[in-house]
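What you see is a predicted model, and the numbers here were worked out from it, not measured in a lab.
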Amino acid sequence: MNAVQNKLIVALDVETAAQARRLVDSLRGIAGMFKIGSQLFTAAGPDLVREIIQAGERIFLDLKFHDIPNTVAAAGVEATRAGVFMFNVHAAGGSAMMLRTATAVAECAAREGLVRPAILGVTVLTSSNEVALEEIGVREKPDEMVARLAQLAAHSGLDGVVASAREVCLVRGAVTKPDFIVVTPGVRPADSGNDDQARVMSPREAVAAGADYLVVGRPIVAARDPARAAQQIIDEMQSNARADSI
């Protein structure tokens with residue numbers, strides 16, 4: 001699997017474990033990672049997470065933990081024990097929550113001889129816009145809030161953030177920490193609709209912006225041929241890499 005393929009995270013946003021298994025089987029060797037979010041985790045639980053990892057695949061556990069520091073730290077420890085490649089927490093939970101989680105995860109991994117997963121802070125959901133933020137009392141524009149929360153996540157010991165591809169450059173400017181990861185959801189092929197995403201980019205644009213990983217769900221999951229749809233997205237990402245090398 002090449003470096004561009006490794007950037008593609010396929011969101012297993014399906015109703016059943018059987019559907020998820022079929023997708024993983026059809027995308028094996030094509031997608032670099034699979035994301036398990038709230039829907040599938042609620043339906044199938046941690047056993048499916050472990051099953052896919054044991055089959056040799058990488059998992060991004062997208063549960064966006066947001067609670068008191070002790071509770072989120074304990075959840076992070078269990079994610080570490082499950083063997084996920086990375087998981088996320090809401091950066092809006094604050095520095096104490098993030099720092100406590102990062103510390104607990106590092107201690108658990110060292111104590112139990114486990115691989116420490118990357119921990120990401122969710123900045124502003126890609127379905128949110130300025131109006132949505134104002135509804136909950138946030139007066140900042142989405143890009144301003146993303147930059148501020150990215151800095152907070154970095155200062156709290158997290159490895160990266162989840163942010164719209166439109167804000168990747170802002171994150172890079174706000175955080176100078178080496179190897180800081182930026183995962184971008186809301187990625188849609190040029191010929192695809194936006195669904196319920198408000199801030200989107202094409203795969204080529206997201207790679208050009210400097211995203212480390214791209215999360216793609218419905219354009220692949222809902223396709224008649226998921227493997228072909230995933231390969232087309234990879235080809236689009238690679239077209240940017242080729243253009244950069246000219």
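- Residues Phe41 and Phe65 share a hydrophobic cluster, clusters being chains of Ile/Leu/Val/Met/Phe/Trp/Tyr side chains in contact below 4.5 Å.
- In this structure the side chain of Pro69 never reaches within 4.5 angstrom of the side chain of Thr101, judged on heavy atoms.
- Cluster membership check: Val124 shares its hydrophobic cluster with Val138, using side-chain heavy-atom separations under 4.5 Å among Ile, Leu, Val, Met, Phe, Trp and Tyr.
- The side-chain contact (heavy atoms from CB on, under 4.5 Å) search around Ala230 returns Leu8, Leu27, Ile30, Ile220, not counting sequence neighbours.
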CA sep, side-chain torsions, deciding dist, call: Lys35, Leu12, side chain to side chain contact (heavy atoms under 4.5 Å, CB included): CA-CA 6 Å; Lys35 179 180 81 70; Leu12 299 177; over 6 Å; no

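- Between the Thr71 side chain and the Asp67 main chain, no donor and acceptor come within less than 3.5 Å of each other.
- Formation of a donor-acceptor pair under 3.5 Å by the Thr123 side chain with backbone atoms of Val162 is found in this model.
- Taking CZ of Arg148 as the start and CD of Glu140 as the end, the distance is 4.0 Å to the nearest 0.5 Å.
- Here the CD-CD distance, from Glu236 to Glu205, works out to 8.0 Å after rounding to the nearest 0.5 Å.
- Between Gly29 and Gln5, the shortest heavy-atom distance links the atoms O-NE2, 3.0 Å.
- Looking at Arg172 and Asp212, a side-chain N of the basic residue comes within less than 4.0 Å of a carboxylate O on the acidic one, giving a salt bridge.
- Val131 and Met145 sit in two unconnected hydrophobic clusters of ILVMFWY residues. Membership requires side-chain heavy atoms under 4.5 Å apart, directly or through other members.
- Taking CG of Leu214 as the reference point, atom OG1 of Thr184 lies at 4.0 Å (rounded to 0.5 Å).
- With sequence neighbours excluded, the residues that form a salt bridge (Lys or Arg N to Asp or Glu O under 4.0 Å) with Arg116 are Asp159.
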Verdict with supporting geometry, Asp13 and Leu40, side chain to side chain contact (heavy atoms under 4.5 Å, CB included): CA-CA 6 Å; Asp13 294 333; Leu40 184 58; over 6 Å; no

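- Residue-environment remark: CD (Gln39) exceeds the threshold of 12 foreign heavy atoms within 6.0 Å.
- Across every non-hydrogen atom of Val221 and Ala11, the tightest pair is CG2-O, 3.1 Å.
- With Lys7 contributing its side chain and Ala211 its backbone, the two residues share a donor-acceptor pair below 3.5 Å.
- If you take OG on Ser164 and CD on Glu167, they are separated by 4.0 Å, rounding to the nearest 0.5 Å.
- Following chains of ILVMFWY side-chain contacts shorter than 4.5 Å, one can reach Ile136 starting from Val146, so the two form part of one hydrophobic cluster.
- Atom CG of residue Leu125 and atom OG of residue Ser128 lie 4.5 Å apart, to the nearest 0.5 angstrom.
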Under the salt bridge (Lys or Arg N to Asp or Glu O under 4.0 Å) rule, what do Asp25 and Arg22 come out as? Steps first, then yes or no, please. CA-CA 5 Å; Asp25 287 343; Arg22 286 194 295 270; over 6 Å; no

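- In terms of heavy-atom proximity, Val168 sits nearest to Ala209 at CG1-O, 3.2 Å.
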Could you pull out every donor-acceptor pair under 3.5 Å between side chains of residues 44-55 and any protein atom, sequence neighbours left out?
from	atom 1	to	atom 2	distance (Å)
Glu51	OE1	Arg21	NE	3.4
Glu51	OE1	Arg21	NH2	3.1
Glu51	OE2	Arg21	NE	2.6

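- Residues Ala229 and Ala223 share a closest heavy-atom pair of CB-CB, 3.7 Å.
- Hydrophobic clustering (ILVMFWY, side-chain heavy atoms < 4.5 Å, transitive): Leu170 and Met201 are in distinct clusters.
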Side chains of residues 73-89: which donor-acceptor partners sit under 3.5 Å, not counting sequence neighbours?
from	atom 1	to	atom 2	distance (Å)
Glu78	OE2	Arg81	NH1	2.9
Thr80	OG1	Gly76	O	2.9
Arg81	NE	Glu112	OE1	3.2
Arg81	NE	Glu112	OE2	3.2
Arg81	NH2	Glu112	OE2	2.7
Asn88	OD1	Leu63	N	3.3
Asn88	OD1	Lys64	N	2.7
Asn88	ND2	Asp62	OD1	2.6

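- Applying the side-chain hydrogen bond (donor to acceptor under 3.5 Å, both in side chains) test to Arg228 and every residue at least two apart in sequence or in another chain returns nothing.
- Note that the CZ atom of Arg58 and the CE atom of Met33 stand 4.0 Å from one another [nearest 0.5 Å].
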Listing, residues 173-183 side-chain donor-acceptor contacts under 3.5 Å, not counting sequence neighbours, or none:
from	atom 1	to	atom 2	distance (Å)
Lys177	NZ	Leu158	O	2.6

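- The shortest distance between side-chain heavy atoms of Leu23 and Val14 falls below 4.5 Å.
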Before you tell me yes or no, could you show the steps for Met98 and Leu152 under side chain to side chain contact (heavy atoms under 4.5 Å, CB included), namely the whole-Å CA-CA distance, both residues' side-chain angles and the distance that decides it to 0.1 Å? CA-CA 9 Å; Met98 290 188 282; Leu152 184 64; 3.7 Å; yes

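- Thr103 places no side-chain N or O within donor-acceptor distance of the main-chain N or O of Arg100, the cut-off being under 3.5 Å.
- The two atoms that bring Gly157 and Ala102 nearest to each other are O-CB, 3.8 Å, heavy atoms only.
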Could you walk me through whether Val161 and Val122 pass the side chain to side chain contact (heavy atoms under 4.5 Å, CB included) test, one step at a time? CA-CA 6 Å; Val161 292; Val122 177; over 6 Å; no

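- Nearest heavy-atom pair across Ala163 and Pro185 is O-CD, 3.5 Å.
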